[in-house]
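Fair warning: this is a prediction, and the values are worked out from it, not measured in the lab.
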Amino acid sequence: GASAEHAPPLDKFARTWRSFPELAALDKLHFAPGLLLAASLYACGGGGALLWGFVVPVTCCWNSIFAIGSLCHGDLGGGTRR
């Protein structure tokens with residue numbers, strides 16, 4: 001097994017998570033909800049639904065997260081070192 005220092009997040013912070021099989025499954029298959037959403041959007045509406053229902057929102061979310069991180073850590077100043 002993994003040492004306590006390098007244990008998966010659920011092992012480290014929640015001791016009782018193993019009693020819930022759905023949490024154990026999501027821990028192993030963390031990509032499944034997004035993949036299921038993308039597949040269902042494509043199946044229901046084709047490429048346009050996939051693009052506007054999954055790709056664009058995920059890209060906007062990532063860009064927002066990275067912009068907030070850059071603003072909070074002052075990384076927009078042209079590469080100056082601390």
Side-chain angles (χ1 to χ4, degrees):
S3 68
E5 181 180 327
H6 300 299
L10 289 178
D11 284 341
K12 190 173 182 180
F13 298 112
R15 304 262 184 237
T16 60
W17 72 273
R18 292 176 204 265
S19 63
F20 299 99
E22 64 275 8
L23 292 180
L26 277 176
D27 188 41
K28 291 180 182 175
L29 302 170
H30 57 86
F31 56 86
L35 190 60
L36 182 64
L37 173 64
S40 61
L41 283 168
Y42 184 75
C44 291
L50 177 64
L51 177 69
W52 290 107
F54 186 78
V55 175
V56 171
V58 168
T59 303
C60 290
C61 183
W62 284 348
N63 280 307
S64 300
I65 291 169
F66 298 147
I68 290 168
S70 295
L71 289 170
C72 290
H73 294 288
D75 294 338
L76 297 176
T80 57
R81 298 191 83 169
R82 296 177 201 211

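Side-chain contacts under 4.5 Å among hydrophobic residues (ILVMFWY), followed directly or transitively, place Leu35 together with Leu29, Phe31. Ile68 forms part of no hydrophobic cluster, judged by ILVMFWY side-chain heavy-atom separations under 4.5 Å. Grouped by direct or indirect side-chain proximity (heavy atoms under 4.5 Å, Ile/Leu/Val/Met/Phe/Trp/Tyr only), Tyr42 sits with Leu37, Leu41, Leu50, Leu51, Trp52, Phe54, Val55, Val56, Val58, Trp62, Ile65, Phe66.
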